[in-house]
Amino acid sequence: MPEIIRVDEISKYDGQEVTVQGWVYNRTDKGKLVFLLVRDGTGFVQCVAFKGDLDEKIFDQLMRLPQESAVIITGPVRADKRAPGVPGGYEIGVKKIEIVQTADADYPMSLKDHGVDFALDNRHLWIRMPSQWAILRVRSTVMAATREWLDNNGFIAMDTPILTPAAAEGTTTLFETEYFDEGKAYLAQTGQLYNEANIFAFGKVYCFGPTFRAEKSKTRRHLTEFWMLEPEMAFCDLDGLMEIEEQMVTHIVQRVLRDRKPELLSLGRDLTKLENIKAPFPRISYDDAAKMIGELREKETDPEKKELLKFDWGIDFGAPHETAITNQFDKPVFCYGYPTAVKAFYMEPWPGRPEVCKSVDLLAPEGYGEICGGSERISDHDLLLKRIHEQKLPESAFKWYLELRKYGSVPHSGFGMGVERVTSWICGIEHIREAIAFPRTIKRVYP
RNA sequence: UCCUCGCUAGCUCAACGGCAGAGCGGGCGGCUGUUAACCGCUAGGUUCGAGGUUCAAAUCCUCGGCGAGGAGCCA
């Protein structure tokens, strides 16, 4: 019995007879010869059937086998430069074929382009297409590399609750649900506050799970349900935070380059742009970024773009500002020291400059913008209480959070990383919705 | 919430006031090296909905529906 192999390892089997289990992605018939492009979940491989080699009845079935039919094919592996596929360069001569299921002929996804709405309505089928398959394989590796780096660097995985009692950051819109006799509960938009409790037990922790934001955002960078990694570290200041971020992001990019090269190439990604992503990353203060934006605005000749770059000290950067800054670098860039007024209540003030805080965003190059956002947290009890009052947050909800500052409080820091944003950047794709299997947006909860 | 754009065959689009069309996909046939194969034949329409202007509306106008891109907010 020939071995059942994975297509992504086909190069190891050159000259041997093997079996692949998969689905017919495309078929081209040439009279007395048929090409079947078969995908098995790990890759795409061309299988070639000659009329003379097979039973006439079986060959006739192959000639009219619909796209997506399930098959088990056995035959010899041959290196052939003409053979398409991922990884490609090898084909299988069909000696034996079992048709597990003949697909209906009305499969709706064609091999040509589809509109966004149609593709998303058929997301359960779209994920079979090579581009979507490649993106989601990269996503899986992004997640694995993230955990790998954290686990190897002394972090403890601490999952935080998804059902939470109140708004963590006040303003952002929450998804609401009934919670038995306890009133309302809300889907978590961050695990950070819980992780600030966890560090005093475990030192360095992370949570990694789905996050929910009921914001009415309608852009290529937003989902209502997305996956966020949130590390939090005791005895860590802003500089320590940036070091951890750049080491981790470097590891993620380099591991994807190592393990997912065929997928990146099939997406048409320029690998040289990724090979360059190595720590240290440039660091620029909000003040200097503001100056840079001013200079770039002066040089901008397009009046429409000039208007978008309008900027006064004190406002947060919008997407056009971030793009302008990141275009000056070929690596992700840290932008730190944002105005306190535009950031969350728990961020540590800059020593001697209370109008700015020890916050940092990591902005990805090529216009991808913010992939990580974090800060050093306020460690002083009275200052934190003052901030909660200023923001008119309910003190009772933060009782436990304030208590953390009474029993062994230390400087500590943390950040959040959006998995879909990182995946989009690494893949070089236009829209974040393709970086998750079943995206949830303001206009879509199906399928 | 605001601004802009779109909706025609299963899909991607054309027709822009005068007979509703093409490519892909489907069906039938041909072809021993295809690369989103190619060639021939063929079936397939409530032009998003309602109302209006007109001899005549997919096309112009009004209202509505649905969607997309962007802004704000953020990962």
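Not measured: the values here are computed from a predicted model.
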Seminar exercise, completed: Contacts satisfying salt bridge (charged side-chain N to carboxylate O under 4.0 Å, His left out) that involve residues 184-194 of chain A (not counting sequence neighbours) are A/E176-A/K184, A/E178-A/K184
Quick one: ring pair (Phe, Tyr, Trp, His ring centres under 6.0 Å) partners of [X], sequence neighbours excluded?
{"X": "A/W133", "result": "A/F44"}
{"X": "A/H114", "result": "A/F118"}
{"X": "A/F334", "result": "none"}
{"X": "A/F415", "result": "none"}

Can you tell me, in whole Å, how much space there is between the [atom1] of [N] and that of [M]?
{"N": "B/U34", "M": "B/U59", "atom1": "C1'", "value": "43 Å"}
{"N": "B/A58", "M": "B/G26", "atom1": "C1'", "value": "26 Å"}
{"N": "B/C61", "M": "B/U53", "atom1": "C1'", "value": "7 Å"}
{"N": "B/G10", "M": "B/C31", "atom1": "C1'", "value": "28 Å"}
{"N": "B/G21", "M": "B/G64", "atom1": "P", "value": "34 Å"}
{"N": "B/C39", "M": "B/G23", "atom1": "C1'", "value": "15 Å"}
{"N": "B/U1", "M": "B/A36", "atom1": "C1'", "value": "42 Å"}
{"N": "B/C28", "M": "B/G44", "atom1": "C1'", "value": "15 Å"}

Seminar exercise, completed: Which of A/D270, A/I135, A/V138 passes side-chain contact (heavy atoms from CB on, under 4.5 Å) with A/L264? It is A/V138
For this session: May I ask you to check whether A/F329 and A/F281 place their ring centres under 6.0 Å from each other?
Result: no
Problem set entry | Centroid-centroid distance, A/F345 to A/F398, less than 6.0 Å | yes
Filtered N/O pairs between nucleotides 66-69 of chain B and protein, under 3.5 Å:
unit_1, atom_1, unit_2, atom_2, d
B/A68, N7, A/K218, NZ, 3.2
B/G69, OP1, A/H431, NE2, 3.2
B/G69, OP1, A/R433, NH1, 2.7
B/G69, OP1, A/R433, NH2, 2.9
B/G69, O3', A/R220, NH2, 3.2

Exercise. Are A/T441 and A/H222 close enough, and set up right, to give a side chain to side chain contact (heavy atoms under 4.5 Å, CB included), and what steps lead you there?
Worked result: CA-CA 8 Å; A/T441 64; A/H222 289 88; over 6 Å; no
Taking only distance into account, with no hydrogens and no angle test, what donor-acceptor pairs under 3.5 Å do side-chain atoms of residues 45-56 of chain A form with protein atoms, sequence neighbours excluded?
unit_1, atom_1, unit_2, atom_2, d
A/Q46, NE2, A/E91, OE1, 3.1
A/D55, OD2, A/K57, N, 3.0
A/D55, OD2, A/I58, N, 3.4

For this session: Mind listing the residues from residues 91-111 of chain A sitting with a heavy atom below 4.0 Å of RNA chain B? Number order is fine.
Result: A/E91, A/A105, A/L111
For this session: With a 4.0 Å heavy-atom cut-off, tell me which residues in residues 66-81 of chain A come close to RNA chain B, sorted by residue number.
Result: A/D80
Exercise. If you find the nucleotide of RNA chain B closest to A/L362 and the one closest to A/E430, which residue's nucleotide is nearer the 5' end?
Worked result: A/E430
For this session: Could you pick out which residue, A/P320 or A/W227, lies toward the 5' side of RNA chain B when each is mapped onto its nearest nucleotide?
Result: A/P320
For this session: Give the nucleotide from the list B/C74, B/U1, B/A71 with an atom nearest to the side chain of A/K216.
Result: B/U1
In whole angstrom, give the distance that lies between atom [atom1] of [X] and atom [atom2] of [N].
{"X": "A/D121", "N": "B/G10", "atom1": "CG", "atom2": "C1'", "result": "13 Å"}
{"X": "A/L309", "N": "B/A71", "atom1": "CG", "atom2": "P", "result": "12 Å"}
{"X": "A/L125", "N": "B/G25", "atom1": "CG", "atom2": "C1'", "result": "15 Å"}
{"X": "A/R440", "N": "B/A75", "atom1": "CZ", "atom2": "C1'", "result": "19 Å"}
{"X": "A/R421", "N": "B/A75", "atom1": "CZ", "atom2": "C1'", "result": "5 Å"}
{"X": "A/L37", "N": "B/G33", "atom1": "CG", "atom2": "P", "result": "18 Å"}
{"X": "A/F311", "N": "B/A71", "atom1": "CZ", "atom2": "C1'", "result": "17 Å"}
{"X": "A/F118", "N": "B/G25", "atom1": "CZ", "atom2": "P", "result": "14 Å"}

So what does [X] touch, heavy atoms closer than 4.0 Å: a base, only the sugar-phosphate, or nothing?
{"X": "A/F226", "answer": "base"}
{"X": "A/L229", "answer": "nothing"}
{"X": "A/L308", "answer": "nothing"}

For this session: Applying side chain to side chain contact (heavy atoms under 4.5 Å, CB included), run through A/R213 and A/F226 and close with a yes or a no.
Result: CA-CA 8 Å; A/R213 305 259 168 108; A/F226 64 96; 3.6 Å; yes
For this session: Look at A/K112 and B/A36 and indicate whether a side-chain polar atom (N or O) is within less than 4.0 Å of OP1 or OP2.
Result: no
In terms of side-chain heavy atoms, does [X] have a donor or acceptor partner in [Y] at a distance below 3.5 Å?
{"X": "A/H412", "Y": "A/E376", "result": "no"}
{"X": "A/Y107", "Y": "A/N122", "result": "no"}
{"X": "A/D287", "Y": "A/S285", "result": "no"}
{"X": "A/Q192", "Y": "A/E232", "result": "no"}

Tell me which donor-acceptor pairs under 3.5 Å the side chains of residues 21-34 of chain A have, and how far apart each pair is, sequence neighbours excluded?
unit_1, atom_1, unit_2, atom_2, d
A/R27, NE, A/M63, O, 3.2
A/R27, NH1, A/L65, O, 2.4

For this session: Give the intermediate values and the outcome of side chain to side chain contact (heavy atoms under 4.5 Å, CB included) for residues A/W227 and A/E420.
Result: CA-CA 7 Å; A/W227 281 64; A/E420 292 79 14; 3.6 Å; yes
Exercise. Which range-with-range stems can be found for RNA chain B when each stem has 3 or more Watson-Crick or G-U pairs in a row and both distances sit under 3.5 Å?
Worked result: B:1-7 with B:65-71, B:10-13 with B:21-24, B:26-30 with B:38-42, B:48-52 with B:60-64
Exercise. Quick one: the side chain of A/S217 and the base of B/C73, do they pair up donor-acceptor inside 3.5 Å?
Worked result: yes
Problem set entry | Heavy-atom donor-acceptor pair, A/H222 side-chain to B/C74 base, under 3.5 Å | yes
Using a cutoff of under 3.5 Å, can you pull out all pairs of nitrogen or oxygen atoms linking the protein to nucleotides 28-32 of chain B, with atom names and distances?
unit_1, atom_1, unit_2, atom_2, d
B/C31, N3, A/G31, N, 3.4
B/C31, N4, A/D29, OD1, 2.6
B/C31, N4, A/G31, N, 3.4
B/U32, OP2, A/K32, N, 3.3

Problem set entry | Over-ring placement of A/K343 relative to A/Y338, 6.0 Å and 45° cut-offs | yes
